[in-house]
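So the structure is just underneath, and the comments pick up after that.
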Amino acid sequence: MRLFAIFGDPVAHSRSPLMHNHVFKSLGFKGCYTRIHLKDGSRLRETFFELGLSGANITVPHKEAAFQACDEIRGFANKVGVVNTIIEEDGKLIGYNTDADGFIFSIKPFGAIRTVLVLGAGGTAKALSERFRDEQMDVIVMNRSEGRLESYKEAGFKTATWETVEIKEYDLIVNTTSAGLDDENLPAPLEILKPLLERSSFAADAIYGKVTPFLKLCKELDLRAKDGADMLLGQGVLANNYFTNESYELQDIQNSMQESFQF
Ligand code: NDP
């Protein structure tokens, strides 16, 4: 029996144990997934080995500490310095980032996306923008305040504030702000957001577990939109694929993990 865990602070709300245990059970993989409330991110590595884990997910606020804790970083995680999935391989910790790949996976049903307007300029926006650019998408990052856009400008991204954004057609508009998470705010004023959404083909919200004002507006405008549950699902499917050593079809993992969302 292999043991896996999610590390976070807080971590009680995490749906990951439910998602991964359901997949292990339905695919016949001998694994068990639990949650570890870790306050001090610098203790991640020793806690991982003390518990004899085979793999782990890492959530807020330890994703950067997880990057530091690894012996080797593979793939996209190298670009953003943020790790959300760790695998033990021959006594070494291997770090991956499946958050952004999970999002790409989740928007596959939208078909080819060429232009993306990213709302927000925090950690999630950073990972997604870099990943979109890897996919040759044209990315514009819009934030309510100017300060956070500096690092994006330095990284060569097009940026805009509410005052300067060009109202035109984008294939996809993604809300990565926390507006709507614990309040009823839109990620930008209605007079800006509405004409943008009216001209767009698809929308997606990183927030899950509630219908945000952003998603409500998309629905009113009859715009095809996804909530953050698909991003959560996408990152989980890819992490599970690493946990189970790529032994199962991604589609089978996805179908099973999707079932766990009904519980
Ligand atoms: P950060 O704190 O790093 O960034 C938050 C961003 O939101 C900033 O750009 C901030 O703008 C902006 N913002 C906050 N409030 C408002 C508001 N009222 N109006 C407009 N802009 C606002 O957050 P993260 O990037 O870590 O997370 C963002 C969201 O993504 C969260 O809701 C989180 O739950 C969700 N998430 C979902 C995941 C999933 O699997 N579905 C995975 C990871 C994150 P400013 O710079 O002006 O302050």
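Each ligand, and each atom within it, is numbered from 1 in the order the structure gives.
- Per-atom contact check: atom 33 (C) of ligand 1 does not touch the protein, criterion being a heavy-atom distance below 4.0 Å.
- Taking every non-hydrogen atom of Y208 and a distance limit under 4.0 Å, the qualifying atoms of ligand 1 come out as 41 (N).
- The protein non-hydrogen atom at the shortest distance from atom 4 (O) of ligand 1 is G122 CA, 3.4 Å.
- Protein heavy atom at the shortest distance from atom 30 (O) of ligand 1 is A206 CB, 3.5 Å.
- Numbered from 1 in the order shown, with element, the atoms of ligand 1 that lie under 4.0 Å from a heavy atom of P187 read 19 (N), 20 (C).
- A donor and an acceptor atom, one from each side chain of Y248 and N240, are nowhere located under 3.5 Å apart.
- Once rounded to the nearest 0.5 Å, the distance linking CG of L27 with CD of E249 reads 10.5 Å.
- Using a 4.0 Å cut-off to heavy atoms of L232, the atoms of ligand 1 that qualify are 40 (O).
- Here K216 pairs with E184 in a salt bridge; the nearest charged N to carboxylate O distance falls below 4.0 Å.
- In this model, a donor atom of one side chain and an acceptor atom of the other lie less than 3.5 Å apart for T98 and N84.
- Taking only nitrogen or oxygen atoms, main chain and side chain alike, G228 reaches within less than 3.5 Å of ligand 1.
- Ranking the protein heavy atoms by distance from atom 28 (C) of ligand 1 puts T176 O, 3.0 Å first.
- By the definition of a contact as any protein heavy atom under 4.0 Å away, atom 23 (O) of ligand 1 is not in contact.
- No side-chain donor from either of S247 and N245 sits under 3.5 Å from a side-chain acceptor of the other.
- Atom 6 (C) of ligand 1 has T177 CA, 3.9 Å as its closest protein atom, hydrogens excluded (heavy atom only).
- Contact analysis leaves D99 out of contact with ligand 1, as no non-hydrogen atom separation drops below 4.0 angstrom.
- By the 4.0 Å N-to-carboxylate-O rule, E88 lies too far from K92 to be salt-bridged with it.
- In terms of protein heavy atoms, atom 3 (O) of ligand 1 is closest to G123 N, 3.0 Å.
- Looking only at protein heavy atoms, the nearest one to atom 5 (C) of ligand 1 is S178 OG, 3.9 Å.
- Annotation for A66 and V83: closest pair CB-O, 3.7 Å, computed over non-hydrogen atoms.
- Close approach of ligand 1 to G120 (heavy-atom distance below 4.0 Å) involves ligand atoms 9 (O).
- Look at K210 and D205 and you find no salt bridge, because none of the NZ, NE, NH1 or NH2 atoms lies under 4.0 Å from a carboxylate O.
- The protein heavy-atom contact nearest to atom 44 (C) of ligand 1 is T124 OG1, 3.3 Å.
- Looking at R144, M231, R148 and measuring to atom 15 (N) of ligand 1, the nearest heavy atom belongs to R144.
- Taking the ring axis of F157 as reference, the NZ or CZ atom of R133 stays within 45° of it and closer than 6.0 Å to the ring centre.
- Ranking protein heavy atoms by distance to atom 47 (O) of ligand 1, first place goes to S145 OG, 2.6 Å.
- Ion pairing of R74 with E89 is present here, as a side-chain N (NZ or NE/NH1/NH2) and a carboxylate O approach within less than 4.0 Å.
- Shown in contact with I207 at under 4.0 Å from a heavy atom are these atoms of ligand 1, numbered in order with element: 32 (O).
- Side-chain N/O atoms of T115 and D138 include no donor and acceptor closer than 3.5 Å.
- Taking the centre and axis of the six-membered ring of F261, the NZ or CZ atom of R15 falls inside the cone set by 45° and 6.0 Å.
- Of all the atoms in ligand 1, the ones that sit under 4.0 Å from a non-hydrogen atom of A121 are 9 (O).
- For a threshold of 3.5 Å applied to N or O pairs, the pair formed by N143 and ligand 1 contains at least one separation below that value.
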